[in-house]
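Within every chain, numbering begins at 1; the chains are lettered A, B, ... in the order of the sequence lines, protein sequences first and strands thereafter. What you see is a predicted model, and the numbers here were worked out from it, not measured in a lab.
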Protein chains: 2
Amino acid sequence: MSRPGLRERKKQKTRLALIDAALDLFAEQGYDATTVDQIAAAVDVSPRTFFRYFATKEDVALSLDADGHEILLAELAARPAEEPPFTALGRAMNSMITILEQGDTADRSRFLKARELIEATPALFAGGVRMMMQNERLLVAEIARREGMSPDDLLPHFVVSLFTSAIRVGLEACGSGEINDLSDLTRHVERVLELAERSLRPGWDRPAPGDGTASGAGPGSGSGEGTAGDGGAGRTG
Amino acid sequence: MSRPGLRERKKQKTRLALIDAALDLFAEQGYDATTVDQIAAAVDVSPRTFFRYFATKEDVALSLDADGHEILLAELAARPAEEPPFTALGRAMNSMITILEQGDTADRSRFLKARELIEATPALFAGGVRMMMQNERLLVAEIARREGMSPDDLLPHFVVSLFTSAIRVGLEACGSGEINDLSDLTRHVERVLELAERSLRPGWDRPAPGDGTASGAGPGSGSGEGTAGDGGAGRTG
DNA sequence: TAATTTATGGCAGACACTGACAACTGACAA
DNA sequence: TTGTCAGTTGTCAGTGTCTGCCATAAATTA
């Protein structure tokens with residue numbers, strides 16, 4: 001476990017400093033009214049350097065969410081193959097939040113700050129959705145792989161699309177100031193996931209046995225009961 | 001029914017010319033490689049004028065979709081109140097496509113061309129999703145109004161979110177060149193909507209009777225029966 | 001200490017987008 | 001027909017995001 005080396009540590013430090021400065025300025029003056037020059041000046045680096053850390057101005061606010069998506073994907077890959085797709089997605093989501101909770105206090109508040117900002121700023125919100133869409137493709141591929149289906153099949157697309165929709169509805173709460181804590185966020189997300197489970201037929205997220213194509217209201221196998229409930233299960237990678 | 005007047009007609013003509021020129025150039029050289037100056041030059045107007053018609057460069061490709069969203073909302077408002085939310089949304093969608101089908105040949109091919117481009121260009125795709133999100137709020141408000149619920153309630157959010165997810169999956173087909181015709185598009189969208197209907201419990205999209213809030217860890221099972229069950233059959237004239 | 005790799009700053013420039021002002025063009029009434 | 005008014009357009013100057021290029025300074029390795 002050798003430390004990352006001075007160079008790498010310096011980079012991480014600069015990255016976080018840029019994110020913090022940007023988040024503060026955005027909250028203070030608004031996203032549009034804040035220029036990249038101001039962010040760079042606040043951290044005492046050149047604007048050119050800013051763009052070496054973040055491809056666009058919105059990326060600096062979205063980068064934490066991007067990290068979250070990466071974790072989600074990794075956690076999904078780690079779920080056992082017997083779990084039905086939607087259940088696995090819900091549990092992976094829980095694991096992701098658990099991992100976030102294990103971070104520094106500064107990390108946690110930074111994440112929440114960024115989420116509030118994203119939800120309140122149309123430009124950032126759009127960017128966030130864009131990222132989620134990109135991630136959706138990877139999730140679809142992973143679900144298809146788990147279930148031995150083609151990524152072109154309708155079902156995995158539908159399952160993932162429905163899942164991300166539910167997550168989005170759960171995340172909306174960040175915009176209305178009712179979220180002060182990561183556990184508040186967990187609670188909201190779980191509520192929506194439960195609503196989804198209650199609304200769907202058992203076995204909806206798996207192809208009907210003996211049915212090659214993605215369809216069929218098959219007999220209820222796996223995903224019936226309170227799947228999304230088990231909030232702990234902290235698996236690390 | 002008096003004609004719109006010369007001034008208005010000229011404006012519409014310029015607008016369509018800009019859209020057509022942009023669509024051609026985007027398809028030819030790619031979205032990023034095309035500058036606003038080129039589009040303006042192709043229609044022989046100043047770049048400044050371009051921005052008087054479209055707020056941003058991506059808007060020129062998205063404007064037809066925006067029109068579609070407006071129609072969808074209007075059609076939803078026209079659906080009878082007895083229809084369950086999800087059914088009403090599906091039928092409104094069908095009405096929208098039907099209205100598009102009634103347009104000029106040029107109109108139809110332009111629409112499909114724009115959709116292909118959006119689906120194939122990440123930047124445009126993101127913009128399209130952003131638009132859909134904005135529209136989602138209006139759809140939520142309308143559904144909440146129909147059902148006599150608060151727009152803050154979880155259920156209308158979930159219903160609309162699930163609906164737009166399904167539509168998005170259906171629209172994906174535009175990217176893979178398998179759509180040559182608006183009726184192809186209708187077919188794809190209906191397939192996904194049917195998959196959704198099959199996956200969901202009857203009555204899922206209406207609050208359980210006697211249950212004021214649409215949230216709480218309520219009574220387990222669904223409510224009545226077959227409210228939303230009637231597949232994609234609903235065509236209006 | 002010398003050689004190599006990598007982060008950084010400064011600079012010029014392309015492109016998206018905006019505000020202000022002046023010139024032009026349909027709409028409409030006397 | 002003519003004059004007035006309102007809406008449309010082009011020009012110009014400017015801001016801000018983002019990129020390529022090259023020289024410099026700092027960290028890593030030998």
Side-chain angles (χ1 to χ4, degrees), chain A residues 2-19 21-23 25-26 28-63 66 117 121-124 126-128 130-131, chain B residues 1-19 21-23 25-26 28-63 117 121-124 126-128 130-131:
Chain A
S2 55
R3 288 252 307 277
L6 175 57
R7 189 168 255 161
E8 190 58 27
R9 270 178 287 147
K10 251 186 168 176
K11 264 177 71 178
Q12 288 311 321
K13 208 172 145 189
T14 308
R15 185 184 128 95
L16 284 183
L18 281 170
I19 295 177
L23 255 32
L25 285 167
F26 290 163
E28 220 173 284
Q29 335 172 321
Y31 173 76
D32 286 324
T34 306
T35 67
V36 172
D37 286 27
Q38 290 177 321
I39 303 172
V43 185
D44 218 53
V45 296
S46 78
R48 189 66 187 83
T49 294
F50 175 93
F51 286 108
R52 290 205 176 90
Y53 280 86
F54 303 100
T56 67
K57 177 176 148 186
E58 63 174 37
D59 263 23
V60 71
L62 260 31
S63 59
L117 206 71
T121 311
L124 289 178
R130 188 201 72 215
M131 266 190 23
Chain B
M1 251 202 153
S2 54
R3 287 257 298 285
L6 175 57
R7 189 167 250 163
E8 191 59 28
R9 271 178 287 146
K10 252 187 167 176
K11 261 177 71 177
Q12 288 310 321
K13 208 172 145 189
T14 307
R15 185 182 127 96
L16 284 183
L18 282 170
I19 295 177
L23 254 31
L25 285 167
F26 290 164
E28 221 173 282
Q29 334 173 322
Y31 173 75
D32 287 322
T34 306
T35 66
V36 171
D37 287 25
Q38 289 177 321
I39 303 171
V43 185
D44 219 53
V45 296
S46 77
R48 188 69 186 84
T49 294
F50 175 93
F51 286 109
R52 289 204 176 93
Y53 280 84
F54 304 99
T56 66
K57 178 176 149 188
E58 62 173 37
D59 263 24
V60 71
L62 260 30
S63 59
L117 206 70
T121 311
L124 289 178
R130 189 198 69 215
M131 265 190 24

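Contact of the B:Phe51 side chain with the B:Val36 side chain is registered, since non-hydrogen atoms from C-beta on lie closer than 4.5 Å.
Partners of A:Arg7 under the side chain to side chain contact (heavy atoms under 4.5 Å, CB included) rule, at least two apart in sequence or in another chain, do not exist in this structure. Considering only residues two or more places apart in sequence or on other chains, A:Pro122 meets the side chain to side chain contact (heavy atoms under 4.5 Å, CB included) condition with none of them. For B:Ala126, the side chain to side chain contact (heavy atoms under 4.5 Å, CB included) partners at least two apart in sequence or on another chain are A:Arg130. For B:Tyr31, the ring pair (Phe, Tyr, Trp, His ring centres under 6.0 Å) criterion is met by B:Phe26, not counting sequence neighbours. Qualifying ring pair (Phe, Tyr, Trp, His ring centres under 6.0 Å) partners for A:Phe50, counting only residues two or more places apart in sequence or in other chains: A:Phe54. Residues passing the salt bridge (charged side-chain N to carboxylate O under 4.0 Å, His left out) test with B:Arg48: none are found, sequence neighbours excluded. Applying the side chain to side chain contact (heavy atoms under 4.5 Å, CB included) test to A:Thr35 and every residue at least two apart in sequence or in another chain returns A:Asp37, A:Gln38.
Contact between B:Thr34 and B:Lys57 at its shortest, heavy atoms only, is O-NZ, 2.8 Å. Between B:Ala21 and B:Val43, the closest heavy-atom pair is CB-CG2, 3.6 Å.
Residues from residues 50-63 of chain A placing a heavy atom under 4.0 Å of any atom in DNA chain D, listed by number, are A:Phe51, A:Arg52, A:Ala55, A:Thr56, A:Lys57. For the contact set between residues 31-45 of chain B and DNA chain C, defined by any heavy atom under 4.0 Å, the members are B:Thr34, B:Thr35, B:Val36.
A:Met131 CE to A:Ser63 OG: the interatomic distance, rounded to the nearest 0.5 Å, is 8.5 Å. To the nearest 0.5 angstrom, B:Leu62 atom CG is 7.5 Å from B:Thr56 atom OG1.
The footprint of chain B on DNA chain D, defined by a heavy-atom cutoff below 4.0 Å, extends from D:dA6 to D:dT11.
Remark: the backbone N or O of A:Thr49 is paired with a side-chain donor or acceptor of A:Ser46 at under 3.5 angstrom.
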Base-pair map of DNA chain C as dot-bracket, where | denotes pairing with a different strand and pairs are Watson-Crick or G-U under 3.5 Å: ||||||||||||||||||||||||||||||
Residue pair B:Val45, B:Leu18: steps toward the side-chain contact (heavy atoms from CB on, under 4.5 Å) verdict: CA-CA 9 Å; B:Val45 296; B:Leu18 282 170; 4.2 Å; yes
Under 4.0 Å protein heavy-atom contacts per nucleotide of nucleotides 24-30 of chain C, with B for base, S for backbone only and - for none: -BBS---
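Tested against B:Gln12 for a side chain to side chain contact (heavy atoms under 4.5 Å, CB included), the candidates B:Lys10, B:Arg9, B:Glu8 yield a single pass: B:Glu8.
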